[in-house]
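Report on the following structure.
It should be emphasised that the depicted structure is a prediction, and the values quoted were computed from it without experimental measurement.
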Amino acid sequence: MKTNEQAYEDLLFERDEIDRRILRLSNFIYDVHNISKLSFHQKILISIQLQAMKTYKEILTARAADIKIYSSKNSK
């Protein structure tokens, strides 16, 4: 079983990985050469994927904060 500290570190690692994916996808979107080659439906799907990753990142951040708060309460 993971300790709270390990779970916290895992969540931060996963959040950082999502950040890198968001950055790569954002760079792809803002590349005018690539975006002009995409169909309307592809652009919509990329937008949905980007929003989903941002939402997932927010969830990971909140879970990490919850673990930190829980750990600090239980260590007292």
Legend entry - Interatomic spacing from NZ in Lys57 to CG in Asp16 - rounded to 0.5 Å: 8.5 Å

Inset, instruction - Over all heavy atoms of both residues, which pair between Lys68 and Glu5 is shortest? Give the atoms and the distance, please. - result: NZ-OE1, 3.7 Å

Inset, instruction - Could you tell me the separation between the CD1 atom of Ile44 and the NE2 atom of His41, rounded to the nearest 0.5 Å? - result: 8.5 Å

Inset, instruction - Would you give the length of the straight line joining atom CG of Asp66 to atom CD1 of Ile59, rounded to the nearest 0.5 angstrom? - result: 11.5 Å

Inset, instruction - Calculate, to the nearest 0.5 Å, the distance between atoms CG and OG1 belonging to Asp19 and Thr61 respectively. - result: 8.0 Å

Inset, instruction - Answer yes when Arg63 and Glu58 have at least one side-chain N-carboxylate O distance shorter than 4.0 Å, and no when they do not. - result: no

Legend entry - Partners meeting side chain to side chain donor-acceptor pair (under 3.5 Å) with Asn4 (sequence neighbours left out): Ser71

Legend entry - Smallest separation among heavy atoms of Lys43 and Leu38, with atom names: CE-O, 3.5 Å

Inset, instruction - With sequence neighbours left out, write down each residue that passes side chain to side chain contact (heavy atoms under 4.5 Å, CB included) with Leu50, or none if nothing qualifies. - result: Ile22, Leu25, Ser26, Ile29, Met53, Lys54

Legend entry - Minimal non-hydrogen separation, Ala64 against Leu11, with atom names: N-CD1, 3.6 Å

Legend entry - Single-linkage hydrophobic cluster, 4.5 Å side-chain cutoff, Leu12 and Ile69 together: no

Legend entry - Glu14 vs Glu9, side-chain contact (heavy atoms from CB on, under 4.5 Å): CA-CA, chis, key distance, verdict: CA-CA 9 Å; Glu14 192 171 350; Glu9 293 298 324; over 6 Å; no

